[in-house]
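The structure presented is a predicted model; accordingly, all values stated were derived computationally and were not measured.
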Amino acid sequence: MKRITVSLLGVGVILAAGAWFYLTTTWASAGHSRPAAPAMRPAAASGSAAAAHQPTEPPDPAKTVQLEDLRRRLAAAPDDLRLRKQLAVNLLDAGQPVEAFEEAGAVLLASPEDVDGLYVQGEVRLQMGQPKVALELFDRVLLQVPDHVLALLARGRAATQLGVPAQAVDSYQRALAATGGSHPQIERLLAEARAAAGTQQ
C-alpha cells in the first residue's frame, strides 16, 4: 500500500523531530508529495474562509521561492497531478490555506479519492471551523491509509471540536501505535482525550 504524508497545519499539535523523521522516511513514495518539516500555526479565529486565509507568521523566503517554482512548472504542465499535489501541500505548509484548498480541489476533480487532496481539504475545513466535514475527509484518507499519523491526529482534533472525546481517544491511540507506541505529544493528547471522555461519561 502506498504511504503518504503531508505537512501538519498546526492547530495545537506539533510532531517532534523523531516522529517527523519516521513519517518522512517510512511513508515517502513515488507519486506523492514530500512535505517540509511541520510548523505550528494557530487555528483561524472564525469559521470563514477569509479568516482561514489570514497570515499567521511572516512569509518564509525559501518557501516563497519554492512555491513560485512549483507554480511556474505547473503552468508549463497543467495536467501534472503530482506537481499540483505538491503545490497544494506546500501552500498548506506555507500558511496559504485558501489557495491550498483550491489546488487540492483540482486534484480531487481528477482523482476523487486522492489522499493528498482529501487531507489538505480536511485540514483547511478544520481551520474554517467545519470539523464535521473535516472528520469525513480524514476518514476517507484513513480508509486508504489506516496508519496515516497526520490524518489520525487531525481526526482527533476534529472529534474534540465536535465534543466526541471517545472518538478522539480512538484516533490518538491509533496515531500512537503508528509512531511506535511512544511519542510525548501524542501521549499528552491521548491523556487529555481520555480525561474528557471520562468526564463526559
Could you report the tightest heavy-atom contact between [X] and [Y], atom names first, then the distance?
{"X": "Gly181", "Y": "Glu187", "result": "O-OE2, 3.9 Å"}
{"X": "Val141", "Y": "Ala151", "result": "CG1-CB, 3.8 Å"}
{"X": "Tyr172", "Y": "Leu189", "result": "CD1-O, 3.7 Å"}
{"X": "Ala88", "Y": "Ala104", "result": "CB-N, 3.9 Å"}
{"X": "Ser182", "Y": "Leu176", "result": "N-CD1, 3.9 Å"}
{"X": "Leu135", "Y": "Ala159", "result": "CD1-N, 4.5 Å"}

Worksheet entry | N/O donor-acceptor pair under 3.5 Å between Thr64 side chain and Asp60 backbone |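 The answer is yes, because a donor-acceptor pair under 3.5 Å joins these two groups.
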
Do [X] and [Y] have side-chain heavy atoms sitting under 4.5 Å apart?
{"X": "Glu123", "Y": "Arg157", "result": "yes"}
{"X": "Ile186", "Y": "Thr179", "result": "yes"}
{"X": "Leu67", "Y": "Gln96", "result": "yes"}
{"X": "Asp147", "Y": "Arg174", "result": "no"}
{"X": "Gln161", "Y": "Leu126", "result": "yes"}
{"X": "Gln173", "Y": "Val169", "result": "yes"}
{"X": "Arg84", "Y": "Pro78", "result": "yes"}
{"X": "Phe101", "Y": "Val120", "result": "no"}

Using the rule that two of Ile, Leu, Val, Met, Phe, Trp, Tyr join whenever any of their side-chain heavy atoms come within less than 4.5 Å, decide whether [X] and [Y] are in one cluster.
{"X": "Leu153", "Y": "Leu190", "answer": "yes"}
{"X": "Leu92", "Y": "Leu81", "answer": "no"}
{"X": "Val133", "Y": "Tyr119", "answer": "yes"}

Practice prompt. Considering only NZ, NE, NH1 and NH2 on the basic side and carboxylate oxygens on the acidic side, decide whether Arg155 and Glu136 come within less than 4.0 Å.
Written response: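 Looking at Arg155 and Glu136, the cut-off is not met.
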
Worksheet item: Any Lys/Arg nitrogen of Glu192 or Arg188 sitting under 4.0 Å from an Asp/Glu carboxylate oxygen of the other?
Response: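 Arg188 and Glu192: salt-bridged.
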
Drop me the distance from [X]'s [atom1] to [Y]'s [atom2], to the nearest 0.5 angstrom.
{"X": "Thr160", "Y": "Gln167", "atom1": "OG1", "atom2": "CD", "result": "9.5 Å"}
{"X": "Gln86", "Y": "Leu91", "atom1": "CD", "atom2": "CG", "result": "10.0 Å"}
{"X": "Gln66", "Y": "Leu87", "atom1": "CD", "atom2": "CG", "result": "10.0 Å"}
{"X": "Asn90", "Y": "Leu70", "atom1": "CG", "atom2": "CG", "result": "5.5 Å"}
{"X": "Glu113", "Y": "Arg140", "atom1": "CD", "atom2": "CZ", "result": "4.0 Å"}

Worksheet item: Given the rule in the side-chain contact (heavy atoms from CB on, under 4.5 Å) test, do Glu102 and Gln121 qualify, once you have shown the distances and angles that lead to the verdict?
Response: CA-CA 9 Å; Glu102 292 170 353; Gln121 286 211 340; over 6 Å; no

Worksheet item: Between Glu103 and Arg71, does a salt bridge (Lys or Arg N to Asp or Glu O under 4.0 Å) hold up when you go through it step by step?
Response: CA-CA 11 Å; Glu103 293 296 342; Arg71 289 189 182 103; over 6 Å; no

Item to complete: Let me see the working for Leu108 and Leu118 under side-chain contact (heavy atoms from CB on, under 4.5 Å), right down to the final yes or no.
Response: CA-CA 7 Å; Leu108 293 174; Leu118 291 171; 4.0 Å; yes

Discussion item. In this structure, is the centre-to-centre distance between the rings of Phe138 and His148 below 6.0 Å?
Written reply: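 Ring centroids of His148 and Phe138 are no less than 6.0 Å from each other.
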
